[in-house]
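This report concerns only the one structure given below.
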Amino acid sequence: MSDEDLVLLESADKYTFVVSRKIACASGMLRSMLDEDAAFEESKNKTCKIQQRGVILLKVIEYLAYKVQYAEFNAEDIREDFSDRIDPYIALELLTAADFLDA
């Protein structure tokens, strides 16, 4: 994987995550921000600042990776339920972040 395939996602509390472009682009919002034809600053410097806490952004990234991993599977073939990984204490905050990021 080359540096071209990686992007940085920075949380509101300054945690930085290095993520593959393929995983980041599983989010509609991040895909739009990183679109090279759109000429956003994020697409030029490959860094997206997300106004969410690091723990929330980490869980969103984990979900995006899950989404990419199982993209080619039929729903009935997936044995693992992602909702089992969600701590109830962050569920509401995670839901609003996922909605904003179109994840």
Side-chain angles (χ1 to χ4, degrees):
M1 184 177 296
S2 70
D3 288 344
E4 291 290 318
D5 298 332
L6 300 175
V7 296
L8 297 176
L9 302 180
E10 185 179 316
S11 68
D13 50 359
K14 302 298 182 201
Y15 286 95
T16 303
F17 303 92
V18 179
V19 181
S20 77
R21 180 179 286 275
K22 181 178 181 179
I23 290 173
C25 288
S27 156
M29 174 70 119
L30 294 175
R31 185 180 327 110
S32 296
M33 292 169 79
L34 295 168
D35 183 8
E36 293 172 0
D37 295 331
F40 289 122
E41 189 65 32
E42 291 85 358
S43 67
K44 293 176 187 168
N45 62 20
K46 298 181 186 131
T47 302
C48 297
K49 295 184 180 186
I50 309 299
Q51 294 304 311
Q52 297 291 336
R53 295 185 306 138
V55 66
I56 300 300
L57 183 54
L58 178 61
K59 192 56 78 171
V60 168
I61 293 167
E62 185 180 338
Y63 171 72
L64 294 174
Y66 174 90
K67 184 176 174 181
V68 168
Q69 178 182 357
Y70 291 109
E72 303 296 322
F73 286 72
N74 293 324
E76 55 273 356
D77 295 337
I78 300 173
R79 304 243 184 258
E80 181 183 12
D81 187 7
F82 189 81
S83 64
D84 294 339
R85 299 182 190 182
I86 299 172
D87 184 344
Y89 293 106
I90 65 167
L92 184 59
E93 194 175 355
L94 184 59
L95 181 63
T96 57
D99 181 51
F100 174 74
L101 293 170
D102 191 21

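Hydrogens, waters and symmetry mates play no part in the numbers below; they use all other heavy atoms, side chains included.
By the 6.0 Å contact criterion, NZ on Lys67 is enclosed, its count of non-hydrogen atoms from other residues, nucleotides or ligands being greater than 12.
Between Cys48 and Leu34 the shortest side-chain heavy-atom distance falls below 4.5 Å. Counting heavy atoms from C-beta on, the side chains of Arg21 and Lys46 come closer than 4.5 Å. Using a 4.5 Å heavy-atom cutoff, the side chains of Leu30 and Ile50 are in contact. With a 4.5 Å cut-off on side-chain heavy atoms, Val18 and Leu8 count as touching. Side-chain contact check for Asp5 versus Ser20: every heavy-atom pair is 4.5 Å or farther apart. Between Val19 and Leu6 the shortest side-chain heavy-atom distance does not fall below 4.5 Å. Side chains of Lys14 and Glu10 form a contact here, defined as non-hydrogen atoms less than 4.5 Å apart.
By the salt bridge (charged side-chain N to carboxylate O under 4.0 Å, His left out) test, Lys44 pairs with no residue at all, sequence neighbours left out. For Asp13, the side chain to side chain donor-acceptor pair (under 3.5 Å) criterion is met by Ser11, not counting sequence neighbours. In this structure, the side-chain contact (heavy atoms from CB on, under 4.5 Å) partners of Ala98, at least two apart in sequence or on a different chain, are Ala103. Partners of Ser43 according to the side chain to side chain donor-acceptor pair (under 3.5 Å) rule, which considers only residues two or more places apart in sequence or in another chain, do not exist here.
Leu95 and Leu64 fall into different hydrophobic clusters, defined by Ile, Leu, Val, Met, Phe, Trp and Tyr side-chain heavy atoms under 4.5 Å apart, directly or through other members. Both Leu58 and Phe100 belong to a common hydrophobic cluster when Ile, Leu, Val, Met, Phe, Trp and Tyr are linked at side-chain heavy-atom distances under 4.5 angstrom.
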query: Between Leu94 and Val60, does a side chain to side chain contact (heavy atoms under 4.5 Å, CB included) hold up when you go through it step by step?
result: CA-CA 7 Å; Leu94 184 59; Val60 168; 3.6 Å; yes
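Applying the side chain to side chain donor-acceptor pair (under 3.5 Å) test to residues at least two apart or on different chains, the pairs with a partner in residues 85-99 are Arg53-Glu93, Glu62-Arg85, Glu80-Arg85. Pairs passing the ring-ring contact (aromatic ring centres under 6.0 Å, His included) check and including a residue from residues 7-62, sequence neighbours excluded, do not occur.
Taking both residues in full, the closest heavy atoms of Val7 and Ala24 are given as CG2-CB, 3.7 Å, listed atom of the first, atom of the second, then distance. Scanning both residues, Ser32 and Ala38, for their nearest heavy atoms gives O-CB, 4.2 Å. Shown here for Ile61 and Ile23, the closest heavy-atom pair between the two residues is O-CG2, 4.2 Å. Across all their heavy atoms, Cys25 and Arg31 have their closest contact at O-NE, 3.0 Å. Contact between Ile56 and Ala97 at its shortest, heavy atoms only, is CG2-CB, 3.6 Å.
The distance from atom CG of Leu9 to atom CE of Met33, rounded to the nearest 0.5 Å, is 8.5 Å.
A distance-only check finds a donor-acceptor pair linking the side chain of Thr47 to the backbone of Asn45 [under 3.5 Å].
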